[in-house]
Amino acid sequence: FRYIRRFGRLLLRSWRQNIRNYPVNILRLAVSAGNAFLFTNIFKSVKKGFFTAKSVADRTALLTFGITNMTMMALMKTIDLFAKEKPVVRREQLRNQYSSLEYLLSKALAEMPLDALFAGIFTTVLKATSGIRIGWQDLTGTFALMTVSGASLGFAIGSLSPTAEVAITTAVPLMVLLMSVGVINPSGVDPSEPTPVIMEALKSLSPVAYAIKAVCIKEYRGMEFQDPSGKTKNMFLRGRHILRDLPKMGALALVKNGDQVLQELGLGNETYAGAMRHLIFLSAANLIISWIGLSFHGSRGPPGKR
């Protein structure tokens, strides 16, 4: 029971730190809802109840911007708080007040649900204001798990960094790299050109890559494009509408449905469940790295007192 009470106190402390941080929480609420509304107005071809080939680029970009935006928010918020707490945590661990694992689990249980909540706010506004096809439950589930992966990556970077400044300096270029390899090229993928091994390795470490895969698969699988000309019988007008509706990019210029879009994007053989499993794996791996990092730095003690 001593361990349970100790863990309960740690969890309560972490939860209060998050809840009482009113300025940050209000800002995150405003940014989450505001960005969803902003992205909807930037990518205007994603209209409610109307699926066309022309909207493919905007749909992919809308989902991609949403993923990268929410991942970066979860990562930077976690790194900033986690790295700043490390000196205090290190002193408390040297006094044997609690273990690295207890601290890490309490932080994860206190912070990750809050990150998932803000992801849910973003997806709710996005679903209400845009014409994306993916269901709210799948969209919110993907974004929530993606923010958990982003937060766990923040834990890992923070635990391995000696100071908050080093953590933030490391996190920004690393996240840019993971976002760069994770973004899907809307002009399509040439299957005859093999992907370099280093690119595949980086993609496997990127939560952004698998979150984008998941939402794109759910968005396009089974989608049927509608006739932009409606029921008009005028062949000239029909042809004009069709040409105007075609996407102006490479391999996607002649797609007829969502399954062909996935094929051209290189996602034809991918599954939503597989992408979600990989996000869970990345989250677990990052938490294990965080535990190792905290245990290592905690055992060394503060600088100058080893």
Side-chain angles (χ1 to χ4, degrees), residues 18-19 21-49 55 57-81 108-155 171-172 175-176 178-180 182-184 186 206-220 272 275-276 278-280 282-283 286:
N18 282 282
I19 294 300
N21 199 352
Y22 299 118
V24 172
N25 289 333
I26 292 173
L27 179 61
R28 291 185 73 189
L29 174 63
V31 170
S32 298
N35 279 349
F37 183 76
L38 176 64
F39 294 158
T40 298
N41 284 275
I42 291 175
F43 305 106
K44 294 183 178 181
S45 69
V46 187
K47 299 177 181 178
K48 286 182 176 292
S55 70
D58 276 2
R59 286 179 187 278
T60 305
L62 176 60
L63 294 170
T64 299
F65 271 82
I67 291 290
T68 55
N69 172 71
M70 296 305 294
T71 305
M72 182 62 83
M73 283 180 59
L75 173 72
M76 298 309 295
K77 180 257 183 182
T78 301
I79 283 181
D80 181 63
L81 184 61
L109 289 175
E111 292 197 21
M112 289 180 177
L114 196 60
D115 292 331
L117 173 63
F118 287 114
I121 293 171
F122 178 89
T123 57
T124 299
V125 176
L126 188 67
K127 184 66 177 174
T129 56
S130 73
I132 54 176
R133 177 173 173 268
I134 180 175
W136 179 86
Q137 186 174 354
D138 291 327
L139 181 66
T140 303
T142 305
F143 269 73
L145 184 54
M146 175 270 304
T147 56
V148 168
S149 296
S152 67
L153 179 59
F155 287 145
V172 173
M175 196 60 202
V176 169
L178 294 179
M179 286 192 296
S180 299
V183 171
I184 294 176
S206 173
V208 173
Y210 286 88
I212 292 175
K213 279 184 182 181
V215 292
C216 283
I217 290 169
K218 277 294 184 178
E219 177 73 9
Y220 292 120
Y272 176 78
M276 295 293 277
H278 199 93
L279 284 174
I280 294 173
L282 286 177
S283 301
N286 286 329

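Considering NE2 of His278 and CG of Leu145, their distance stands at 11.5 Å, rounded to 0.5 Å. If you take CG on Leu29 and CD1 on Ile121, they are separated by 4.5 Å, rounding to the nearest 0.5 Å. Between Asn25 atom CG and Leu117 atom CG the span is 9.0 Å, to the nearest 0.5 Å. Going from atom OG of Ser180 over to atom CE of Met175 covers 10.0 Å, rounded to the nearest 0.5 Å. Here the NZ atom belonging to Lys213 is positioned 14.0 Å from the CE atom belonging to Met276, to the nearest 0.5 angstrom. For the atom pair CZ (Phe143) and CG (Leu63), the distance works out to 6.5 Å, reported to the nearest 0.5 Å.
A perpendicular orientation is assigned to the rings of Phe122 and Phe39, their planes being inclined by more than 60° (bins at 30° and 60°).
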*asked:* Apply side-chain contact (heavy atoms from CB on, under 4.5 Å) to residues Met73 and Leu27 and explain how you reach the verdict.
replied: CA-CA 11 Å; Met73 283 180 59; Leu27 179 61; over 6 Å; no
_Let's go through Leu178 and Thr71 carefully: what are the C-alpha distance in whole Å and the side-chain angles of both, what is the deciding distance for side-chain contact (heavy atoms from CB on, under 4.5 Å) to 0.1 Å, and is it a yes or a no?_
CA-CA 11 Å; Leu178 294 179; Thr71 305; over 6 Å; no
_Would Thr142 and Thr123 count as a side-chain contact (heavy atoms from CB on, under 4.5 Å) here? Give the steps._
CA-CA 10 Å; Thr142 305; Thr123 57; over 6 Å; no
*Between Val46 and Thr40, is a side-chain contact (heavy atoms from CB on, under 4.5 Å) present by the stated rule, with each step listed?*
CA-CA 8 Å; Val46 187; Thr40 298; over 6 Å; no
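Atom CZ of Phe65 has 12 or fewer neighbouring heavy atoms from other residues, nucleotides or ligands inside a 6.0 Å radius.
For the residue pair Ser152 and Asn286, a side-chain donor N or O sits within less than 3.5 Å of a side-chain acceptor on the partner.
When all heavy atoms of Ile184 and Cys216 are compared, the pair lying nearest together is CD1-SG, 4.2 Å. In terms of heavy-atom proximity, Thr124 sits nearest to Gly120 at OG1-O, 2.7 Å.
Every residue meeting the side chain to side chain contact (heavy atoms under 4.5 Å, CB included) condition with Leu109, not counting sequence neighbours, appears here in chain and number order: Phe7, Leu11.
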